[in-house]
Amino acid sequence: MKRFDKLISHSLAGFAVRCFEVVVKLACYMLAARFLGQKESGFLFLAMTVGHLAATVCRLGVERALTRLIAAELSLGQGKAAGRVLLIGAAATTAAGLVLGMAVGGLAPFAAAVFFHDPDAAASLQACAWTIPAMTLAFTLTFALVGLGRTVAAQILQNVLWPSGLLAGLLGGLHSARSLIFVLAASLVLTAFLAALAIAADRRRLTVSEELPAGTARLPSLWRTAWPLYVVELVQVSIASLPVMILGVFADAAAVSVFSIALRASMLVWVVLLSLSTVASPRFAALHRLGHGAELATTNRRVQLAGAILGGGLCLVLGAAAQPLLSLIGPGFAAGTSVLAMLVLGQAVNALYACQDTLLAMTGRGETLKRLNLMQLAVMLSLSFLLIPPFGAMGAAIATAVTTAQGALGTAMAVSLLLPTLQPRFAPPAPLFLRRMFPEPLS
């Protein structure tokens, strides 16, 4: 009971952090659109999208692997093993971030002219090169903090500092995309520094090495755990990033700005669900490692219920307030009302099956998640190239919403098939092809 009370208290604290994040991000996006105008705000959102996608590539799937491995190792007193994977993961991702950051900076003029048909976008893309190594390291270290059980601190560092930095820049009079991207980079450097200090304060837990109980198998290596989760992360960031980039190829910067605002508004639901996922992740990993199946099932269903209530409630608010919310930004953005409504439909399904992807990841079902996400990627790309050229922002919204709903339904069905004792509420029956992919329960 104490463990669940702690989970609830951390969830409430994390939810408070995320509410603050939602307010700051919404203010940031609205002010950026108002102060910068549609073209310059389009450059800002495009550069942020490129930087986020590149940083995800550089993290190599290590961040979620670190959460699982650190939490699982510490549950049995294997602090040295946890510390070892943390050092290896941080070094590898930082090196990758530096290399890709330099490549993005060098190719920015070419990409702006050839892919986005506007040489003026080059300055913002060059600035975003600085965000790539900073975001890579910052997110790697904050996910390690999640594995250490410091979920509230991790959410504050990962999700509050950088939007607060952007908001401060906007209110301080920085009204160009390039200058705001440099503020973003500085905020991420500060995030990485503070995360490193938080880990150092917890270093004693990473020096303990108790004897494993008899019959307990060693956990898989960092890279074996990270590889399937790497595919998952790439697909998930693609769902948010590639429609924006494809829209940038087939439409103008104004359309990119309208869709980006609607997308970011809809992803406020995802922010709430991610908070629950962050809090639940180390608990899922530890309970699975300890073999406490009944407690894990109870925790999963309570987390799902919380996601349905909080995320579903936010979907209702966004759906009802779409038109007045977007009108606050400017008359041109009210055209995104139907776009936002479509995106919210996808997030509503995501809220109903909250954290089932996290459960699969934290119980070692990375390969299952990888297959499900590759199917998502195929659907997302097909729909994007089919719908975006003729329908613009609405086509991008339909592709995103369908893919989001597909991911939620797929993970719920996979949990029911592979972990039947942990089956979520309202899980739909799995179609025949999915049963053939996962024919036998794994536990």
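Computed from a prediction, not measured in an experiment: that's the story for all the values here. We number each residue from 1, following the sequence as shown.
- Put simply, the side chain of Pro429 does not reach to within 4.5 Å of the side chain of Met413, judged on heavy atoms.
- Not a single donor-acceptor pair under 3.5 Å links the side chain of Gln155 to the backbone N or O of Ala153.
- Each salt bridge (Lys or Arg N to Asp or Glu O under 4.0 Å) pair with one or both residues in residues 395-422, not counting sequence neighbours, would appear here, but there are none.
- Summarising the local packing, CH2 of Trp227 is surrounded by 12 or fewer heavy atoms from other residues, nucleotides or ligands at distances under 6.0 Å.
- Partners of Ser41 according to the side chain to side chain donor-acceptor pair (under 3.5 Å) rule, which considers only residues two or more places apart in sequence or in another chain, are Ser257.
- Between Ser384 and Leu242, the closest side-chain pair of non-hydrogen atoms is not below 4.5 Å.
- Looking at Leu419 and Arg365, their side chains come closer than 4.5 Å, going by heavy atoms from C-beta outward.
- Phe35 and His175 have tilted rings, their planes meeting at an angle from 30° to 60° on a 0 to 90° scale.
- Residues satisfying the side chain to side chain donor-acceptor pair (under 3.5 Å) test with Thr94, not counting sequence neighbours, are none.
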Subject >> Working for salt bridge (Lys or Arg N to Asp or Glu O under 4.0 Å), residues Arg68 and Glu63 >> reply: CA-CA 9 Å; Arg68 185 205 171 199; Glu63 71 274 33; over 6 Å; no
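- For the pair Glu295 and Arg283, the salt-bridge criterion is met [side-chain N within less than 4.0 Å of a carboxylate O].
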**OP:** Show your reasoning for whether side chain to side chain donor-acceptor pair (under 3.5 Å) applies to Thr278 and Ser275.
**Re:** CA-CA 5 Å; Thr278 300; Ser275 177; over 6 Å; no
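- In this structure the side chain of Leu44 never reaches within 4.5 angstrom of the side chain of Glu40, judged on heavy atoms.
- Of all non-hydrogen atoms in Leu276 and Ala306, the two that sit nearest each other are CD1-C, 3.8 Å.
- Side chain of Asn300 to main chain of Leu296: no donor-acceptor pair is present (N/O by atom type, distance under 3.5 Å, no hydrogens or angles).
- If you check the side chains of Thr358 and Ser281, you find no donor sitting under 3.5 Å from an acceptor.
- Counting only residues at least two apart or on different chains, no side chain to side chain donor-acceptor pair (under 3.5 Å) pair has a member in residues 399-411.
- Not a single donor-acceptor pair under 3.5 Å links the side chain of Gln126 to the backbone N or O of Gly106.
- Here the side chain of Gln304 pairs a donor or acceptor atom with the backbone of Arg425 at under 3.5 angstrom.
- In plain terms, the two heavy atoms of Ile132 and Gly97 that are nearest each other are CG2-O, 3.7 Å.
- When all heavy atoms of Phe259 and Ala393 are compared, the pair lying nearest together is CD1-O, 3.7 Å.
- By the ring-ring contact (aromatic ring centres under 6.0 Å, His included) test, Phe391 is found to be paired with no residue, residues two or more places apart in sequence or in another chain being considered.
- Residues passing the ring-ring contact (aromatic ring centres under 6.0 Å, His included) test with His52: none are found, sequence neighbours excluded.
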